[in-house]
Amino acid sequence: MAPTSVEFARFFTQWDPHVRRYLIWLEGDSGVLDDAAQETMIAAHQYWDRVSSLENPKAWLFKVAQQRLGRARAARQRHGVSTDPHELPGRASHRDELAAREERLTILDAVRKLPEQQAGALALQLQFDAPLSEIAEIMGISTGSVKTHLHHARAALKTLLADVGGGA
């Protein structure tokens, strides 16, 4: 294996799980999520010479993951396949699981209802504890815009979760 292949293999092993965890926050359909994650890592391999020399390849990776997610969703919709998590098979089985899992699914469902920028910023902060400056770099926006997206996301989540909990 050439040195660049070994480097990419390490990169893939390290970052593929992170990409998938990030996408889980944004997408309930595992098929769409898998397509987006796979396409992200293919792009990383395709542009490996450039990606490996970046100061922050993680920023590139998550930005591409969000773009590929949009493409995967659009492809599913073009083919008439629903990406609404409430229409996915196996949804009813989640109701029988532990309360903690139910709560997490409720939160993820609520996050997925947020506008894309809000959901992306919140996922990066909650899943990876990313600082505002890194979220801004990944999303290609200012730190002030990240703060605004996070503020609006939290306010919307509070409302969404109160509606689910019956006003609690």
Side-chain angles (χ1 to χ4, degrees), residues 12-41 56-77 81-168:
F12 181 90
T13 302
Q14 177 183 358
W15 287 105
D16 184 60
H18 292 290
V19 167
R20 289 177 184 280
R21 279 196 302 270
Y22 171 62
L23 292 172
I24 284 170
W25 281 88
L26 306 177
E27 179 57 52
D29 183 336
S30 62
V32 173
L33 184 153
D34 288 341
D35 289 350
Q38 184 176 33
E39 290 297 323
T40 299
M41 297 314 281
N56 187 358
K58 179 170 69 171
W60 181 91
L61 196 61
F62 289 132
K63 187 175 210 172
V64 170
Q66 194 162 12
Q67 291 169 350
R68 295 307 194 262
L69 178 61
R71 289 181 188 176
R73 284 175 173 159
R76 287 281 176 116
Q77 289 172 346
V81 179
S82 174
T83 58
D84 182 346
H86 301 303
E87 296 177 14
L88 297 174
R91 180 98 178 134
S93 67
H94 291 301
R95 290 187 196 107
D96 300 328
E97 295 182 12
L98 299 172
R101 181 164 173 80
E102 181 72 26
E103 183 177 316
R104 182 164 171 81
L105 289 171
T106 301
I107 292 168
L108 287 173
D109 281 345
V111 170
R112 292 172 188 145
K113 291 176 183 173
L114 297 174
E116 187 175 320
Q117 295 280 36
Q118 291 177 19
L122 194 61
L124 289 167
Q125 186 179 56
L126 294 177
Q127 180 67 43
F128 301 106
D129 199 24
L132 296 177
S133 59
E134 189 171 32
I135 296 170
E137 181 181 354
I138 290 168
M139 295 180 71
I141 59 177
S142 71
T143 303
S145 292
V146 170
K147 289 178 185 178
T148 299
H149 287 309
L150 289 171
H151 174 76
H152 290 300
R154 287 187 192 105
L157 272 181
K158 186 175 180 180
T159 301
L160 287 169
L161 294 173
D163 290 346
V164 169

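Since the structure is predicted, the reported quantities are computational estimates derived from the model, not experimental observations.
Between L26 and G120, the shortest heavy-atom distance links the atoms CD2-N, 3.8 Å. The minimum heavy-atom distance between A36 and A65, with the atom names listed, is CB-O, 4.4 Å. L114 and A153 make their closest contact through CD1-CB, 3.9 Å (heavy atoms, listed as atom of the first residue, atom of the second, distance). Smallest separation of non-hydrogen atoms from W25 and R112: O-CG, 3.4 Å. Scanning both residues, A110 and L160, for their nearest heavy atoms gives O-CD1, 3.5 Å. Looking at every heavy atom in both residues, H149 comes nearest to Q118 through O-CG, 3.6 Å.
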For this session: Evaluate the criterion side chain to side chain contact (heavy atoms under 4.5 Å, CB included) for residue pair L126 and V111; output intermediate values, then yes/no.
Result: CA-CA 11 Å; L126 294 177; V111 170; 5.6 Å; no
For this session: Dump the intermediate steps for side chain to side chain contact (heavy atoms under 4.5 Å, CB included) on L124 and M139, then the final yes or no.
Result: CA-CA 10 Å; L124 289 167; M139 295 180 71; 4.3 Å; yes
For this session: Check the pair T40 / Q67 against side chain to side chain contact (heavy atoms under 4.5 Å, CB included), numbers first and verdict last.
Result: CA-CA 9 Å; T40 299; Q67 291 169 350; over 6 Å; no
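Looking at D35 and R76, their side chains come closer than 4.5 Å, going by heavy atoms from C-beta outward. Side-chain contact between Q117 and V146 is absent, with no heavy atoms from C-beta onward closer than 4.5 Å.
Atom CD of Q125 is separated from atom CG of L132 by 6.5 Å, given to the nearest 0.5 angstrom. In this structure, CD1 in I135 is found 11.5 Å from NZ in K147, a value given to the nearest 0.5 Å. Distance CG/L33 to CZ/R73: 9.5 Å, rounded to 0.5 Å. The CG atom of D16 sits 10.0 Å away from the NE2 atom of H18 when rounded to the nearest 0.5 Å. Taking CG of L23 as the reference point, atom CG of D29 lies at 12.0 Å (rounded to 0.5 Å). Distance CG/L69 to CZ/F62: 13.0 Å, rounded to 0.5 Å.
A salt bridge is defined here as a Lys NZ or Arg NE, NH1 or NH2 lying under 4.0 Å from an Asp or Glu carboxylate O, and D109 with K113 fails to meet this definition.
Residue pairs meeting the salt bridge (charged side-chain N to carboxylate O under 4.0 Å, His left out) criterion with at least one partner in residues 131-143, sequence neighbours excluded, are K58-E134.
Ring orientation note: the planes of F128 and Y22 are tilted relative to one another, at an angle of 30° to 60°.
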